[in-house]
Amino acid sequence: MPNPIWATTVIEHHGITWTLEEDLSKAQQGVFANGDPWVVGPVTVVSITPAASAGKHGSMLNPLPNVSAQGFDNAMQRIPYDATLDVATQLPLRLSPGSSLLSSKSNASAEGDASMLHQIEVLTVLANPAATGDFRPPYAGTDKSLRWNITDLNLKLLRQLPASKLDIPLPSKTSLENTFAHPWIELKTNWVGRYYHPDLNYPFGNYGREIAKSAGNALLWLQLDFSEQEKMPILIGALQAGIDIYGAASYGAVWGADGGHNQGRKTLLLLAGMLFNDSNLLSYADGNRLVFQEDQQTFRVSQTEVDNTHSPDWVPDSRKPALPYTTSDIGLAEWGIRHSSRPFSDNKHWEAIYRQVSGSATFPHFVVAKLMGMETLWNHEPFFAYYPRYFESEWPVGTGYGAGVNAIGNFPAAMYEAFVLNSEPLPELPAAPEYSPSGGSYLSEQLVTIQSPTPSATIYYTLDGSAPDATSATYTQPIAINESLRLRAIAMHNGAASDITEQQYTILSVAPFTSSEDWQNASIGFRDQNFRLTTTVMPLLNPQDSVIGFSLGNIDNQTSYSGLATLVRFNSNGEIDIRDGDLYHSLEVLPYTKREQYQITIDIFLDTQQYSVMVRELSSGNSLLLADHFQFRSEQASLTAVDTFAFKSLGAGTLQINAISIDDDHLGSLSAPQAPTTLQVKILTEDSQ
């Protein structure tokens with residue numbers, strides 16, 4: 001094997017540079033949908049700029065959330081630095097596929113609660129190139145599967161609410177794009193996580209209140225009637241943040257209820273789960289799991305809370321007035337600073353510490369959840385009952401205790417008043433399109449019918465794999481599919497859109513396919529009327545032992561040959577014969593020659609459980625009728641429908657099956673080109689077939 005030729009690659013991203021050595025024959029690189037770089041590995045990192053020095057500008061490899069130390073900066077507040085985790089000090093560094101390298105740029109200093117980190121960027125090493133539109137896999141852990149692509153998005157789940165109904169200035173689109181311009185680093189999910197938040201990655205501040213407010217405003221802006229092109233930069237960044245939150249959650253991260261630190265993440269995860277229709281992402285947003293602060297803090301008052309706040313163990317935060325619950329409060333939707341983990345810290349007083357800090361930051365996410373119909377997926381009813389109460393008490397500003405940075409923002413308040421309080425509910429989504437026949441492998445052109453169970457819904461579809469919308473082709477009649485493609489469709493009714501559904505159709509007759517020792521099954525669609533199939537077959541060896549035939553359902557090692565109703569065999573004596581009931585025989589002796597093409601025409605009589613077979617040798621043009629109304633195999637003597645074309649070769653035998661056509665209108669019978677002068681019958685009794 002020749003030695004690889006090594007090439008040097010330099011990847012610069014937002015001021016951080018990785019210099020790599022890689023095998024020139026495999027050297028490929030690109031960017032994900034959000035602009036983060038990827039490279040096909042393995043690669044060797046020979047330098048990183050800025051260079052690690054004196055515990056600054058560190059890098060970590062496939063970091064996991066909530067470990068006890070970090071390798072970015074030796075002056076990071078409250079999170080100890082471990083030089084063994086700083087792989088930037090271990091160059092040259094060999095990176096295998098399945099690697100995420102997080103490289104940082106440190107600040108010279110940090111005062112108070114500011115972060116020592118200026119920025120962190122992510123380089124991902126893949127086994128194979130990413131496709132255009134792929135999203136970066138989570139940086140946490142070693143699973144770098146490419147599971148999400150722009151073409152998979154159901155953008156119709158975003159609202160198109162009229163911005164003209166708002167009488168306030170809207171947030172700057174540029175500022176909203178900056179919210180997600182760099183990766184969100186969710187590696188410490190308690191209150192000290194703020195020190196993990198670099199300045200560039202969290203441009204509005206490293207505290208949870210500011211992080212949640214900026215993200216909430218961005219998600220609200222996406223619900224207005226701007227074009228998909230205008231929305232895409234914000235949306236892509238928000239979805240990538242949701243994917244990274246999922247990555248951390250999948251390794252056990254919990255954004256604990258802790259004052260104003262950890263709100264605003266759940267909505268991003270739900271956004272990604274909904275638009276990608278990804279049940280794995282959505283499962284971590286289920287309120288029963290209590291992964292996120294919003295669910296850990298909201299509850300319905302019960303007798304337990306009444307008892308707790310009258311107990312000697314009641315320890316509300318002394319920085320604000322304390323007020324216990326009474327039996328008259330039972331059923332009230334409420335908020336507690338650490339309700340799920342420290343219920344004895346609950347405090348009914350409206351000025352309870354952090355109520356307005358957390359409330360003002362979480363309120364925009366409540367509005368997003370209402371506008372997008374997230375209630376069922378969110379699965380925590382007290383959250384949706386508490387925040388209308390919060391709004392009534394805190395709006396307009398000055399009504400309650402929230403003021404300044406702890407006030408409900410004008411933008412989320414206006415969105416709530418215009419489109420939640422004074423608006424019709426979300427339109428009922430039409431049922432998603434259904435397909436007949438469903439996707440699969442077929443031997444001939446298919447006429448595909450698409451329908452939605454919703455009456456009067458209009459269906460739009462695409463054949464190129466792109467996401468359909470109202471500008472796509474309108475479905476009016478069955479679609480003729482004569483090549484392999486991905487069919488996607490969406491149903492729309494009264495301005496609402498269904499989920500996008502899709503089917504992959506593979507038309508096998510486009511190119512030759514070959515039998516093997518394993519059963520090969522291809523759908524021909526459910527057929528309960530007589531039909532004719534014509535195919536061209538080339539035996540690649542002589543002798544061999546191969547069969548082709550029809551069945552109802554797939555054939556496997558359990559059903560074996562007995563599941564086939566009809567069998568045409570290239571037998572081990574070097575001849576073509578046909579199954580007739582319990583035995584194989586043929587009306588004519590027809591030896592086969594390797595690499596000769598044979599056109600086989602089969603008439604299937606499902607009304608009488610019989611079939612006829614004509615074989616034409618293409619090189620000579622000679623045709624022979626080998627079977628005339630032979631009986632279905634005895635095990636299938638009562639079969640009245642077929643839906644599968646199956647074939648198999650034993651040992652080294654191989655059949656190459658080429659062009660195939662099916663004629664549903666042919667109800668006649670094959671006839672020999674001329675009557676044979678003699679009848680030669682050969683009977684074979686091989687029990688295995």
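As the structure is a prediction and not an experimental result, all values here were calculated from the model. Both backbone and side-chain heavy atoms feed into the values below; hydrogens, waters and symmetry mates do not.
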Check your understanding: After noting the C-alpha distance and the side-chain angles of W221 and F226, does the key distance pass the ring-ring contact (aromatic ring centres under 6.0 Å, His included) rule?
Key -> CA-CA 9 Å; W221 191 91; F226 300 110; 4.2 Å; yes
Check your understanding: Could you state the interatomic distance from CD1 (I479) to CD (Q477), rounded to the nearest 0.5 Å?
Key -> 9.0 Å
**Study point:** 4.5 Å side-chain heavy-atom contact, W378 and T267
**Key:** yes
Review point. Got K370 and F384 here, is their nearest side-chain heavy-atom distance under 4.5 Å?
Key: yes
**Study point:** P412 to V367 - nearest heavy-atom pair and separation
**Key:** O-CG2, 4.1 Å
Practice item. Specify the closest pair of heavy atoms between L222 and L158, including all atoms of both residues, with the distance to one decimal. Key: O-CB, 4.0 Å
**Study point:** Heavy-atom side-chain contact between F135 and I236 under 4.5 Å
**Key:** yes
Practice item. Locate the shortest heavy-atom distance separating G465 from R486; write the atom from each residue and the value. Key: O-NH1, 3.6 Å
**Study point:** Side chain proximity check, L170 to L224, heavy atoms < 4.5 angstrom
**Key:** yes
Practice item. Could you tell me the separation between the CG atom of N201 and the CD1 atom of I185, rounded to the nearest 0.5 Å? Key: 5.0 Å
**Study point:** Interatomic distance, Q240 atom CD to F32 atom CZ [nearest 0.5 angstrom]
**Key:** 8.0 Å
Check your understanding: Taking 4.0 angstrom as the limit, do E230 and K173 come out as a salt bridge?
Key -> no
Practice item. Take the angle between the ring planes of Y246 and W148 and call it parallel below 30°, perpendicular above 60°, tilted in between. Key: perpendicular
Exercise for review: Please assess Q293 against W255 for the test side-chain hydrogen bond (donor to acceptor under 3.5 Å, both in side chains), listing each intermediate value before the final yes or no.
Suggested key: CA-CA 6 Å; Q293 174 165 309; W255 286 259; over 6 Å; no
Review point. Can you name the closest pair of heavy atoms from S551 and G563 and give their distance?
Key: CB-O, 3.3 Å
Check your understanding: Quick one: does P137's side chain get under 4.5 Å of L146's, heavy atoms only?
Key -> yes
Review point. Are K231 and Q160 close enough that some pair of their side-chain heavy atoms sits under 4.5 Å apart?
Key: yes
Practice item. If the plane angle is over 60° it's perpendicular, under 30° parallel, otherwise tilted; pick one for F383 and F366. Key: perpendicular
Check your understanding: In terms of the angle between their ring planes, are F363 and Y416 parallel, tilted or perpendicular, with boundaries placed at 30° and 60°?
Key -> perpendicular
Point to revise | salt_bridge(K144, D134) N-O dist < 4.0 Å | key: no
**Study point:** Minimum heavy-atom distance Q296-L290, with the two atoms named
**Key:** NE2-O, 3.1 Å
Study note, to complete from the structure: Minimal heavy-atom distance between V40 and P129, with the atoms involved, is CG2-N, 3.7 Å
Point to revise | Set of residues satisfying ring pair (Phe, Tyr, Trp, His ring centres under 6.0 Å) with respect to F526, sequence neighbours excluded | key: none
Exercise for review: Answer whether the closest heavy-atom distance between the side chains of L268 and D244 falls below 4.5 Å.
Suggested key: no
Review point. What do the steps show when you test T501 against Y435 for side-chain hydrogen bond (donor to acceptor under 3.5 Å, both in side chains), and what is the final call?
Key: CA-CA 9 Å; T501 58; Y435 305 78; 3.0 Å; yes
Check your understanding: So among F645, F550, Y611, which one has a ring pair (Phe, Tyr, Trp, His ring centres under 6.0 Å) with F531?
Key -> F550
Exercise for review: Report yes if some heavy atom in the side chain of T601 is under 4.5 Å from a heavy atom in the side chain of R532; otherwise report no.
Suggested key: yes
Study note, to complete from the structure: In T640, T644, L639, the residue satisfying side chain to side chain contact (heavy atoms under 4.5 Å, CB included) with L552 is L639
Exercise for review: Verify side-chain contact (heavy atoms from CB on, under 4.5 Å) between E417 and F391, making sure each step is shown before the conclusion.
Suggested key: CA-CA 10 Å; E417 289 184 320; F391 183 80; 3.8 Å; yes
Exercise for review: Quick one: pull up CG in D469 and NZ in K156 and give me the separation to the nearest 0.5 Å.
Suggested key: 4.5 Å
